[in-house]
*Asks:* 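Dropping a structure here in structure tokens format, bear with me for questions.
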Amino acid sequence: VQCASGEPYRENCPSIARYDSPEVTVWPDAQVRVGPLDTIHGEVGVGAYNLATILRPGAYVGLAWATPNGWEVAAHIGAHNAFGDRAHVRGDLAVRVPVHPNFRITAGGAVSSGETDRVEPEGRLAGEVRF
């Protein structure tokens, strides 16, 4: 058994976890869309492009296909502030399905580069009320 730092167990191994103090980070949020919103369109921006990136904003590009009746498929890739205030690459794919004129279900997934050489997968399922 070893400590997280790689030291042999019980030698120079901290007995209590220590965390940095929480802090507030302010990020701008801006997006430019190119093309009609009810067909294929491109996106370039900084900040968050969906709910999953609100706590890990960054700079991104995206491509989306939407239909007038509410279906949408969107893919994004960018450099995001994900782990420990360092930029990591994140790719995201989401599908929105209309269930009712005022309600859509979103299913999606993402992959981020991890803190070391790991890959951090993520999945999500959400409901969206529109009015």
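When a residue number appears, it is its place in the shown sequence, counting from 1.
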*Asks:* List the residues meeting side chain to side chain contact (heavy atoms under 4.5 Å, CB included) with Asn102, not counting sequence neighbours, and say none if there are none.
*Replies:* His100
*Asks:* Please name all residues satisfying side chain to side chain contact (heavy atoms under 4.5 Å, CB included) with Ile54, sequence neighbours left out, ordered by chain then number.
*Replies:* Ala48, Leu51
*Asks:* Closest approach of Asp29 and Val46, non-hydrogen atoms and distance?
*Replies:* OD1-O, 3.2 Å
*Asks:* Taking only residues two or more places apart in sequence, or in another chain, which ones meet Ile105 in a side chain to side chain contact (heavy atoms under 4.5 Å, CB included)?
*Replies:* Val99, Phe103, Leu125
*Asks:* Got a second to check how far Asp92's CG is from Ile77's CD1, nearest 0.5 Å?
*Replies:* 10.5 Å
*Asks:* Got a sec, which residues hit side-chain hydrogen bond (donor to acceptor under 3.5 Å, both in side chains) with Arg96, two or more places apart in sequence or on another chain?
*Replies:* Glu72, Glu128
*Asks:* Count I, L, V, M, F, W, Y as connected when their side-chain heavy atoms are under 4.5 Å apart, and connections chain through other members. Are Leu63 and Trp65 then in the same cluster?
*Replies:* yes
*Asks:* Using a 6.0 Å cut-off, check whether atom CD1 of Ile40 has over 12 heavy atoms from anything other than its own residue.
*Replies:* no
*Asks:* List in chain and number order the residues that pass salt bridge (Lys or Arg N to Asp or Glu O under 4.0 Å) with Arg33, two or more places apart in sequence or in another chain; answer none if no residue qualifies.
*Replies:* Glu43
*Asks:* Going by the angle between their ring planes, with limits at 30° and 60°, are His80 and Tyr49 parallel, tilted or perpendicular?
*Replies:* perpendicular
*Asks:* Between Glu122 and Arg90, does at least one N-O distance fall below 4.0 Å, as a salt bridge requires?
*Replies:* yes
*Asks:* Look up atom NE2 in His88 and atom OG in Ser112, then write down how far apart they are to the nearest 0.5 Å.
*Replies:* 8.5 Å
*Asks:* Name all residues meeting the side chain to side chain contact (heavy atoms under 4.5 Å, CB included) criterion together with Pro121; count only those two or more places apart in sequence or in a different chain, and write none if there are none.
*Replies:* none
*Asks:* Do Tyr60 and Leu55 sit in one hydrophobic cluster, given that two such residues count as connected whenever their side-chain heavy atoms are within less than 4.5 Å of each other, even indirectly?
*Replies:* no
*Asks:* Can a donor-acceptor pair be found, under 3.5 Å and without considering hydrogens, that links the side chain of Thr53 to the backbone of Pro57?
*Replies:* no
*Asks:* Same hydrophobic cluster for Val44 and Val89, using side-chain heavy-atom links shorter than 4.5 Å among ILVMFWY?
*Replies:* yes
*Asks:* Is any side-chain heavy atom of Asn50 less than 4.5 Å from a side-chain heavy atom of Arg124?
*Replies:* yes
